[in-house]
Structure formats: structure tokens, C-alpha cells
K.L.:
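One structure follows; several queries about it will come next.
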Amino acid sequence: MTTLQVQSLGKRYGGVVALDSASFNISAPGIYGLIGPNGAGKTTLFDAIAGHITADSGAVMLDGRDVTGLPAHRMSALGIARTFQECRILPEETCLDNVLFAAQPKGLGASLGQLVTRRAGHRVKLKDEAMRLLALVRLEGYATTPASQLSFGQRRLLEIVSTFITKPRIFLLDEPASGVNPSLLTVLADFVRIMYAERPSIFLLVEHNMEFVMEMAHEIIVMHQGRVLERGTPEQVQVSPKVLDAYLG
Ligand SMILES: Nc1ncnc2c1ncn2[C@@H]1O[C@H](COP(=O)(O)OP(=O)(O)OP(=O)(O)O)[C@@H](O)[C@H]1O
Ligand SMILES: [Mg+2]
């Protein structure tokens, strides 16, 4: 079973404290909501866990192993995958190729893995899986369409599918519901639930859409000013005076 420990992570950008000794442990599979006001440090925390920045202090432990400061491709190889708040896809590539590209091992040492993924049998299986995931988010009809032709909400779904094809153990979603219209939001919610049911692992969901996150998450972690302020069930955090103060404050 996968465990994730975030230990006293600190990160400054000039005079701005983005993470101020942020800590939490996750030792059971689940969908965890990560909420907090703008600037609370949520994306910076994802950046540090996924290896997109190096924290100034503190540690990230995966299954009890210190993985602090490993680059993104190493984190990815260890099973940590993330989506981006601003949504990153390859606009010129087709939807199917976006997903297949995401499935390729990255970084140094990837060539061996790429040899495996180039084998015909593996390629067919991967394509089948990519098509299955695209169908779950109603993008199967866009498989051969360049991603640039998708709506914003569809792009988000494509990015999420592309991230999921790697079958991560830790799945970090940064504001997946942002800019997604209500009907696609249902598709997104169903997709995340299906993925969790198929492979219960650690999902961390940063979200400002409170209705969405409170409905999806088993547990909520609240950040404020770079720290973890509160943790509990959706019901508990919604009535927490500390949380209400942080949001209103
Ligand atoms: N690359 C950067 N350079 C300078 N300051 C940064 C950088 N990234 C983040 N910050 C600052 O660090 C603080 C935390 O930012 P972060 O993006 O992690 O917050 P957030 O909780 O994700 O906010 P939001 O909900 O608005 O996405 C903010 O004050 C932000 O302006
Ligand atoms: Mg953010």
C-alpha cells in the first residue's frame, strides 16, 4: 500500500513564503481534497511532490523512502503523476497521440522503457486502453482530432486521461473542475470515481469548486498561508471556525 508523507516543506519565492513548514501524512488510499484560499500554497505543494520545484526545506517520503528533490521524470517513474492548473496538453497532436505520448517513459534511462512500449503487442494494448479511457470521458470521437480543436473542458479531460494512462500510485489533480461546464463536470466526476474504483490509490484533488470537492473527497486537507490548517471529513471542515476564518479573512 502506498504512503505519502509531506514533512515540513518550506519554499520561498523572494519575499513570498509559498510553503511554510507544510506537513501531512497519507497512509491509506482515498480521494483527498486539498483546499485553501488563493495563494495558500496548494500548487507549490504539488510542484514539490511531483518534482517540478525543489523545496528549500523539508522532505517528501514515498512509501517511507526519501524522494525529496528528485526531478519530475523520476517522480513520474515512481508513480507520481499530476495535472496542471493551467492545463498542459500537446495542441498540435491528436487526442489519441496525446494520451499515447503521456504513456511513454520520460527522461534519462527512458530508452529501455521505450523499447518495451514500441513492441507491437504492447502498443496494441496501450492503444486499446487509451481508447477505453477516452471513451469514458466521451472523447473517443475525437481520437484523431488535434487537441487544439477541443473545448477548454474537453482539454482538461484529455489532460486527466493522459495523466491516468500511466496508472499512477499518487494522482495529483490541480483544479480539474475549473472552467469545465456542468455537463462535462459530471463526466469528470464519474471518470475520477471509476478510476478510483479500478485502482484505489492516493488521489489529491486541489479544487475551488466546493460542491465538487466536498462531494468527491473522502477527506479534506485545508491549507492556509503555506501551512496545513485543518484536516477532516468534508462535514467537519465545512463547520470548522479556523477554515471559515481563513476563507473569509
Ligand atoms: N514561480 C513563482 N514565483 C513567484 N511567486 C510564486 C511562484 N509560484 C507561486 N508563487 C507565490 O507563492 C504563493 C503560493 O502560490 P500557489 O500557486 O502555490 O498558491 P495556490 O494555493 O495554488 O493558489 P491558487 O488557488 O490561486 O491556485 C503565492 O503567493 C504565489 O504568488
Ligand atoms: Mg494553484
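Every number for a ligand or one of its atoms is a count from 1 in the order of the listing. Everything quoted here is computed from the prediction, not taken from an experiment. Positions are given from 1, in the same order as the sequence printed here.
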K.L.:
State whether Glu219 and Arg231 are salt-bridged, where the test is any N-O pair (Lys NZ or Arg NE/NH1/NH2 against Asp/Glu carboxylate O) under 4.0 Å.
P.N.:
yes
K.L.:
For atom 17 (O) of ligand 1, which protein heavy atom lies nearest, and how many Å away is it?
P.N.:
Thr43 CB, 3.8 Å
K.L.:
Under 6.0 Å between the ring centres of His208 and Tyr247?
P.N.:
no
K.L.:
Using 4.0 Å as the upper bound for N to carboxylate O, is an ion pair formed by Lys11 and Asp47?
P.N.:
no
K.L.:
Is the Mg ion (ligand 2) under 2.8 Å from any N, O or S atom of Thr44?
P.N.:
no
K.L.:
Of Asn38, Ile53, Val17, Leu19, which has the heavy atom at the shortest distance from atom 26 (O) of ligand 1?
P.N.:
Asn38
K.L.:
Can you find an N/O atom of Gly39 closer than 3.5 Å to an N/O atom of ligand 1?
P.N.:
yes
K.L.:
Just to be sure I'm reading this right: ignoring hydrogens, which of Leu45, Val16, Thr44 gets closest to atom 15 (O) of ligand 1? Compare them by their nearest heavy atoms.
P.N.:
Thr44
K.L.:
Do any N/O atoms on Ala40 end up under 3.5 angstrom from N/O atoms on ligand 1?
P.N.:
yes
K.L.:
Would you check if the distance from the ring center of Tyr196 to the ring center of Phe203 is below 6.0 Å?
P.N.:
yes
K.L.:
Could you identify the single nearest non-hydrogen protein atom to atom 21 (O) of ligand 1 and state the distance to 0.1 Å?
P.N.:
Lys42 NZ, 2.7 Å
K.L.:
Does atom 31 (O) of ligand 1 have any protein heavy atom closer than 4.0 Å?
P.N.:
no
K.L.:
Tell me whether Ile194 shares a hydrophobic cluster with Val99, the cluster being built from Ile, Leu, Val, Met, Phe, Trp, Tyr side chains joined at under 4.5 Å.
P.N.:
yes
K.L.:
Note the single closest protein heavy atom to atom 6 (C) of ligand 1, along with its residue, its atom name and the distance in Å.
P.N.:
Tyr13 CD1, 3.3 Å
K.L.:
Is Lys11 close enough to touch ligand 1? Criterion: a residue heavy atom under 4.0 Å from a ligand atom.
P.N.:
no
K.L.:
Taking Glu140 first and then Arg138, would you say they form a salt bridge - that is, a charged N and a carboxylate O separated by under 4.0 Å?
P.N.:
no
K.L.:
When you check the gap from the basic side-chain N to the acidic O, do Arg132 and Glu198 get nearer than 4.0 Å?
P.N.:
yes
K.L.:
Under 4.0 Å, heavy atoms only, figure out whether ligand 1 is touched by the backbone of Glu175, its side chain, both or neither.
P.N.:
side chain
K.L.:
Counting each atom of ligand 1 from 1 as listed, which ones have a heavy atom of His208 under 4.0 Å away?
P.N.:
24 (P), 25 (O)
K.L.:
In plain terms, say whether Glu129 and Lys167 are close enough for a salt bridge, that is, a side-chain N and a carboxylate O under 4.0 Å apart.
P.N.:
yes
K.L.:
Is the shortest distance from a Lys or Arg side-chain nitrogen in Arg12 or Asp56 to a carboxylate oxygen in the other one below 4.0 Å?
P.N.:
no
K.L.:
Would you say ligand 1 has an N or O under 3.5 Å from any N or O of Gly36?
P.N.:
no
K.L.:
Examine Asn38 and say whether one of its N/O/S atoms is closer to the Mg ion (ligand 2) than 2.8 Å.
P.N.:
no
K.L.:
Return the closest protein heavy atom for atom 27 (O) of ligand 1 as residue, atom name and distance.
P.N.:
Gln85 NE2, 2.8 Å
K.L.:
To check your reading of the model: name the closest protein heavy atom to atom 12 (O) of ligand 1, its residue, and the distance in Å.
P.N.:
Ala18 CB, 3.3 Å
K.L.:
Between atom CG of Asn209 and atom CG of Leu185, what is the distance when rounded to the nearest 0.5 Å?
P.N.:
6.0 Å
